[in-house]
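Chain identifiers are assigned alphabetically (A, B, ...) following the order of the sequence lines, protein sequences preceding nucleic acid strands; residue numbering begins at 1 within each chain.
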Amino acid sequence: MTTTPHPVRVRYAPSPTGDFHVGGARTALFNYLFARHHGGQFILRIEDTDQSRYNPEAMGWLVNGLRYLGLQWDEGYEVGGDYGPYVQTERLDIYQKYCQEIIGRGHAYTCFCSSERLEAVREEQAKNKLTQGYDRHCRHLNPAESAQRAAAGEPYVVRAKIPLEGEITFHDVIKGEITYQWVAIQDAVLMKSDGIPTYHFANVVDDHLMKISHIMRGDEWINSVPLHLFLYQAFDWQPPIMAHLPLILNPTGKGKMSKREDRAPDGKLMPVFVRTFQEMGYLTEAITNYLALLGWSYDDKTEIMSREELIERFSLERVKPSAAAWNYDKLDHFNGDYIRRLSVEDLTQRLVPFLNKAGVPATYETLLPITPLVQERMKTLTEATDFVDFFFMAELPDYDHSLLIPKKMEVATVRQILTQAQQILATTDFEPTALDTALRAAAESLSLKPGPMFQPIRVAVCGKMVAPPLFETLIIIGRETVMKRLGQAIAKLN
RNA sequence: GUCCUCGUCGUCUAGUGGUCUAGGACACAGCCCUUUCAAGGCUGCGACACGGGUUCAAAUCCCGUCGGGGGCACCA
């Protein structure tokens, strides 16, 4: 087996081109768990070598997302460290230096082909159904001559001089042994014509310079490993241990998880950005636990695990090689579970901002007694609004009077129920046992079961069919408001 | 197309030659509890892609087929 090098240094290296995606979050989480498990360093490096796709909002989304997920990095962007800078565009001179070195070592060459020519080559290849790729047109140019042309200002890129034959085999901790024929590998661009390195080059140089011990990244990168290994060899560097994480697939299992937030056939939003999950009220603990289980498992039954347990138990050996489909239902279940595990105080505190944002003027104090009534009914924090809004309204919004009438019940009966309720609630102590006794007795006197008796009262007081338990609700709302709403309901029936 | 890779219930997974008439979770169905909705309890439905080997014995090893996913940019 692979011995784990010490110290363990792993990195999450996103590029600031868009919103922070759950796929990236899972990669970051695995790196984080691995680092913590081994007492190593978790590093955040920014790979912003694509000037054209740079999105100024991306860094904010990233940093907020990582904070929300509780993935504190030890070194890197904003926190610094001994191997900085950690933003690639601040390391351009470093790449230039190594670029000259690899050319000098004869493992890379300058290429003067225009993008027009490259496109033409590709078109020709496509037409003849040949393998796509650079035709190595400039590979055999005389180095001295090339240097002269470059010095004269002719635009050029630098390409890897990939071996023309033979094969390369490497070991991936998750996937095992993998072999590629060198012929299948392109003479990839290392340095773009604007002097900025490509991902491949910057990534290898940085991982080496930053003493990265393990590379954990999405499976979509595995095809670039031969190129990277070529670079390590060219520089005579020791490559890190590789671990390619299984991809996250769409809920349907078809294709890698969408980069955009679409709606399901039933109209429900299917979030994919960390920020959206946060806004919808998914708990850090829940989403993190769910994410950990996408591709990794501890045993045959344990699913709910605290951060500490995750750190203690995580290992690359238990990461599966096959892709996993995202399951919103299961995430919801986890979130509901974690919500129920929260103390009433904690949940109340977390709920207030969500309610306020939805326009419900709840405060910690006013919400505290209500929280226990709704705690076990929520899957997400945003759902709380529907359960508690009527507690905070002076006037109930208009609702259809038919809601007051249970199926198969006469309007006259409903009127009776509400009138009875009015009489009882005018005098009975607002205390659970007293209410229970009085209202059940009333039901019996009307030859009704408690259910049908309570339903019209619930609707009258809450304005909706589904609401928290009745007696507790009545008590919190208070006699005065209850009496008023009962009166309004009766009026509605006339 | 080509290269790489994956293949256990609908989904997430346990399983590394016998303890598997394949275990758990989500979802679904039924029942119980019950003042609505939940939560909870119980039960059920439901899988080793297929075909060949190897072996006394295969979900587990080998080969092939089929199916899925990913890559093939001066993007990462």
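- Inspection of the T252(A) and N250(A) side chains reveals no N or O donor paired with an N or O acceptor under 3.5 Å.
- The distance between atom CH2 of W182(A) and atom P of rC4(B), rounded to the nearest whole Å, is 14 Å.
- When the P atom is compared between rC45(B) and rG52(B), the two are found 29 Å apart, to the nearest whole Å.
- Ring orientation note: the planes of W296(A) and F314(A) are tilted relative to one another, at an angle of 30° to 60°.
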Go through the steps for E47(A) and Q88(A) under the test side-chain hydrogen bond (donor to acceptor under 3.5 Å, both in side chains), then give the verdict.
CA-CA 5 Å; E47(A) 309 212 327; Q88(A) 290 185 327; 3.2 Å; yes
Would V204(A) and L227(A) satisfy side chain to side chain contact (heavy atoms under 4.5 Å, CB included), going step by step from the backbone distance to the final call?
CA-CA 10 Å; V204(A) 166; L227(A) 204 217; over 6 Å; no
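- Base pairing of rC72(B): its partner is rG1(B), meeting the Watson-Crick or G-U wobble criterion (both donor-acceptor distances under 3.5 Å).
- Going from atom CD of E303(A) over to atom P of rG23(B) covers 16 Å, rounded to whole Å.
- Counted by atom type alone, Y290(A) and N327(A) present zero donor-acceptor pairs between their side chains at under 3.5 Å.
- Within residues 290-302 of chain A, the residues having any heavy atom closer than 4.0 Å to RNA chain B are, in order of number, L293(A), L294(A), G295(A), S297(A), D299(A), D300(A), K301(A).
- Between Y199(A) and H228(A), a ring centre-to-centre spacing shorter than 6.0 Å is recorded.
- In this structure, L245(A) atom CG and rC6(B) atom P are separated by 14 Å, rounded to whole Å.
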Output, in order, the C-alpha distance, side-chain angles, deciding distance and verdict of side chain to side chain contact (heavy atoms under 4.5 Å, CB included) for T198(A) and T49(A).
CA-CA 7 Å; T198(A) 58; T49(A) 52; over 6 Å; no
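- Comparing the C1' positions of rG15(B) and rG70(B) gives a spacing of 27 Å, expressed to the nearest Å.
- With sequence neighbours excluded, the residues that form a ring-ring contact (aromatic ring centres under 6.0 Å, His included) with F471(A) are F454(A).
- Whole-Å rounding puts the E317(A) CD to rA14(B) C1' distance at 17 Å.
- rU36(B) sits 35 Å from rU11(B) when the P atoms are compared, rounded to a whole Å.
- Applying the ring-ring contact (aromatic ring centres under 6.0 Å, His included) rule to Y12(A) yields no partners; only residues at least two apart in sequence or on another chain are considered.
- Using a 4.0 Å heavy-atom cutoff across all strands shown, R318(A) reaches sugar-phosphate atoms only and no base atom.
- With a cut-off of 3.5 Å on both pairing distances, the Watson-Crick or G-U wobble partner of rG67(B) is rC6(B).
- With a cut-off of 3.5 Å on both Watson-Crick or G-U wobble distances, the partner of rA47(B) is given as none.
- rU16(B) and rG1(B) have their C1' atoms separated by 36 Å, with the value rounded to a whole Å.
- Annotation: rA47(B) and rC37(B) have their P atoms spaced 32 Å apart (nearest Å).
- For the P atoms, the distance from rC4(B) to rC12(B) is 25 Å, rounded to whole Å.
- On the P atoms, rU13(B) is 35 Å away from rC74(B), given to the nearest whole Å.
- One atom, NE2 of H171(A), and another, P of rU5(B), lie 13 Å apart when rounded to the nearest Å.
- Between the C1' atoms of rG17(B) and rC3(B), the separation comes to 33 Å (whole Å).
- Checking rU11(B), rA14(B), rC3(B) against every side-chain atom of Y180(A), the shortest atom distance belongs to rC3(B).
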Quick tally for nucleotides 68-76 of chain B: nucleotides whose base has a protein heavy atom under 4.0 Å get B, sugar-phosphate-only ones S, the rest -, giving SSBBS-BBB
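- When atom types are taken as modelled, the side chain of R26(A) and the backbone of L294(A) share a donor-acceptor pair closer than 3.5 angstrom.
- Base pairing of rU19(B) is not made with any nucleotide, judged by Watson-Crick or G-U wobble geometry with both donor-acceptor distances under 3.5 Å.
- The nearest whole Å value for the distance from the CE atom in M305(A) to the P atom in rU13(B) is 12 Å.
- With a cut-off of 3.5 Å on both Watson-Crick or G-U wobble distances, the partner of rU11(B) is given as rA25(B).
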Between Q455(A) and R458(A), is a side-chain hydrogen bond (donor to acceptor under 3.5 Å, both in side chains) present by the stated rule, with each step listed?
CA-CA 5 Å; Q455(A) 189 58 15; R458(A) 180 190 332 278; 3.0 Å; yes
How does protein reach along nucleotides 32-51 of chain B, written 5' to 3' as B (base within reach of a heavy atom under 4.0 Å), S (only sugar-phosphate), or - (no contact)?
---BBBBSS-----------
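- Pairs passing the salt bridge (charged side-chain N to carboxylate O under 4.0 Å, His left out) check and including a residue from residues 183-195 of chain A, sequence neighbours excluded, read R136(A)-D187(A), R139(A)-D187(A).
- Within the 3.5 Å criterion, the main-chain N or O of P16(A) finds no donor-acceptor partner in the side chain of D48(A).
- The CD atom of E177(A) sits 11 Å away from the P atom of rU5(B) (whole-angstrom rounding).
- To the nearest angstrom, P of rG24(B) lies 13 Å from NZ of K330(A).
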